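One structure is given here, and the rest of the page talks about it.
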Amino acid sequence: MSRVVLVTGGGTGIGAAVARLLARGGDRVVICGRREAPLRAVAEETGAQVIVADVSKPEGIARVVDGTIATYGRLDGLVVNHGIIHVGRVDEVTPEQWDETLRVNLTSPFLLVREALPHLLAARGALVAVSSVAALRASDGMAAYSASKAGLLLLTQSLAVDHGRDGLRANAVCPGWTETEMGDMEMAELGAARGVSADEAYRLATAIVPQRRAAHPDEVAATVGWLLSDAASYVNGVVLPVDGGSSVVDPGTIALDPRVSIDLNQEP
């Protein structure tokens, strides 16, 4: 019997790539998100079931889970892939931005998992949370996003500990720079600030990544698909960076890289 997998944020980027991968493998895929047009485009390509809903709200979560069960009668896999970002340092992020980031990136996954958990346990299923390398390393101006994504990692590992005995597997991936809609927007902003194109901004942002490039969404999707599969049947509670090696770079050696220019006259 083919699996039923629910993918949040399934209309673009990593979520859409996951939907394509799973559909090619014969899974029955449900994709959800707030924007209908990109969801319909992915559905036309993959045959996925579309549910337009805002899963940052309890009523949206109920619509998505209930709709999946009403259509297919079961839920074998859940990919938690939605999120937002507010850029700013601790003294720059407003309390409202902080609250929204935590609500969408952490509280929403918690409520979604609570709603889906009985069905996942009945299927002895698997969950994969899409976090970020920002959850593993702090960077300038990412306080709210990093805190929320780090919380998502421990929520995922808590699920593995609490319900591994019941047959649930819960793992997380931490992508680095990835050529997605969100990544393109950030590169456009970086490019505008540095006077370069978005493509050049990607090269600048990944200059010290060992693989010297951003990921393609399909590469992250392949990792998600493996974690959902029986090939990873004894993998539980894992936090797996999919970042081309960026999280292992020692920042103390960056000054030794001949491609890096450092202004010693800049205020520390």
Side-chain angles (χ1 to χ4, degrees), residues 1-57 59-84 104-105 108-109 111-113 115-120 122-131 156 168-173 175 178-184 215-232 242:
M1 179 183 296
S2 61
R3 299 176 304 177
V4 176
V5 183
L6 169 61
V7 182
T8 70
T12 60
I14 293 170
V18 170
R20 295 185 190 102
L21 175 76
L22 297 176
R24 286 196 301 269
D27 291 322
R28 293 171 290 177
V29 182
V30 179
I31 54 175
C32 67
R34 292 178 295 181
R35 295 180 296 163
E36 183 171 5
L39 291 169
R40 293 295 177 193
V42 174
E44 289 179 8
E45 182 182 352
T46 63
Q49 177 81 15
V50 169
I51 301 178
V52 180
D54 183 352
V55 292
S56 70
K57 299 178 179 179
E59 58 269 25
I61 291 170
R63 184 181 308 125
V64 167
V65 176
D66 291 348
T68 300
I69 299 304
T71 300
Y72 294 116
R74 61 184 294 126
L75 179 60
D76 302 278
L78 173 62
V79 180
V80 181
N81 175 62
H82 60 283
I84 62 168
V104 175
N105 294 359
S108 166
L111 295 174
L112 175 61
V113 170
E115 191 79 13
L117 192 57
H119 308 291
L120 289 171
R124 299 182 71 83
L127 173 147
V128 178
V130 179
S131 183
T156 303
L168 179 72
R169 292 188 303 106
N171 296 289
V173 295
T178 307
E179 296 174 352
T180 63
E181 187 177 64
M182 181 182 288
D184 291 347
H216 188 277
D218 288 348
E219 294 176 298
V220 182
T223 307
V224 173
W226 176 74
L227 288 170
L228 288 171
S229 76
D230 290 340
V242 188

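Note that the coordinates shown come from a computational prediction; the quantities given were computed from them, not determined experimentally.
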Next item on the list: For Ala53 and Val64, work out which heavy atoms get closest and say how close.
Entry: CB-CG2, 3.6 Å

Checklist line | Rounded distance (nearest 0.5 Å) linking atom CG of Leu6 with atom CG of Leu120 | finding: 9.0 Å

Check: Trp226 and Ala231: which non-hydrogen atoms are nearest, and at how many Å?
Finding: NE1-CB, 3.6 Å

Solution key, residues 15-23 side-chain donor-acceptor pairs under 3.5 Å, sequence neighbours excluded:
| unit_1 | atom_1 | unit_2 | atom_2 | d |
| --- | --- | --- | --- | --- |
| Arg20 | NE | Glu45 | OE1 | 3.1 |
| Arg20 | NE | Glu45 | OE2 | 3.1 |

Next item on the list: Measure across Ser2 and Gly26 and return the closest heavy-atom pair with its distance rounded to 0.1 Å.
Entry: CB-O, 3.0 Å

Notebook entry, point to check: Measuring from Glu115:CD to Ile69:CD1, what's the distance to the nearest 0.5 Å?
Noted result: 10.0 Å

Margin query: Rounded to the nearest 0.5 Å, what separates atom CD1 in Ile61 from atom CG in Leu112?
Written below: 5.5 Å

Next item on the list: Enter the distance from Asp27:CG to Thr46:OG1 here, rounded to the nearest 0.5 Å.
Entry: 11.5 Å

Note to self: I'd like to know if the side chain of Arg28 reaches the main chain of Gln49, judged simply by a donor and an acceptor atom lying under 3.5 Å from each other, with no hydrogens or angles considered.
What the structure shows: no

Note to self: Would you compute the distance between atom OG of Ser131 and atom CG of Asn171 and round it to the nearest 0.5 angstrom?
What the structure shows: 13.0 Å

Notebook entry, point to check: Just by distance, do the side chain of Asp184 and the backbone of Glu179 share a donor-acceptor pair under 3.5 Å?
Noted result: no

Check: Any idea which heavy atoms bring Ser56 and Asp54 closest together, and the distance?
Finding: OG-OD1, 2.6 Å

Checklist line | Smallest separation among heavy atoms of Leu78 and Val113, with atom names | finding: CD2-CG2, 4.3 Å

Note to self: Go through it in stages, so that I can follow the logic: the residues are Val173 and Leu227, the test is side-chain contact (heavy atoms from CB on, under 4.5 Å), and I'd like the CA-CA distance, side-chain angles, deciding distance and then a yes or no.
What the structure shows: CA-CA 9 Å; Val173 295; Leu227 288 170; 3.6 Å; yes

Note to self: Is the shortest side-chain heavy-atom distance between Val80 and His82 below 4.5 Å?
What the structure shows: yes

Check: What pairs with Ala37 under side chain to side chain contact (heavy atoms under 4.5 Å, CB included), at least two apart in sequence or on another chain?
Finding: none

Check: If only atom types and distance count, is the side chain of Ser108 paired as donor or acceptor with the main-chain N or O of Val55 below 3.5 Å?
Finding: yes

Margin query: Filter on salt bridge (Lys or Arg N to Asp or Glu O under 4.0 Å), then keep only pairs touching residues 62-73, sequence neighbours left out; what's left?
Written below: none

Check: Does Arg35 have any salt bridge (charged side-chain N to carboxylate O under 4.0 Å, His left out) partners at least two apart in sequence or in another chain, and if so, which?
Finding: Glu181

Note to self: Would you say that Leu168 contacts Leu117 through its side chain, given a criterion of any heavy-atom pair below 4.5 Å between the two side chains?
What the structure shows: yes

Item checked: Inter-residue atom distance Ile14.CD1 - Thr180.OG1, 0.5 Å rounding -> 6.0 Å

Check: What residues, two or more places apart in sequence or in another chain, satisfy side-chain hydrogen bond (donor to acceptor under 3.5 Å, both in side chains) together with Arg124?
Finding: none

Item checked: Minimum heavy-atom distance between Val130 and Pro175, given as atom pair plus value -> CG1-CG, 4.0 Å

Next item on the list: Would you please name every residue forming a side chain to side chain contact (heavy atoms under 4.5 Å, CB included) with Asp76, sequence neighbours left out?
Entry: Arg3, Val4, Arg74, Ala123

Item checked: Heavy-atom check, side chain of Asn81 versus side chain of Val224, under 4.5 Å -> no

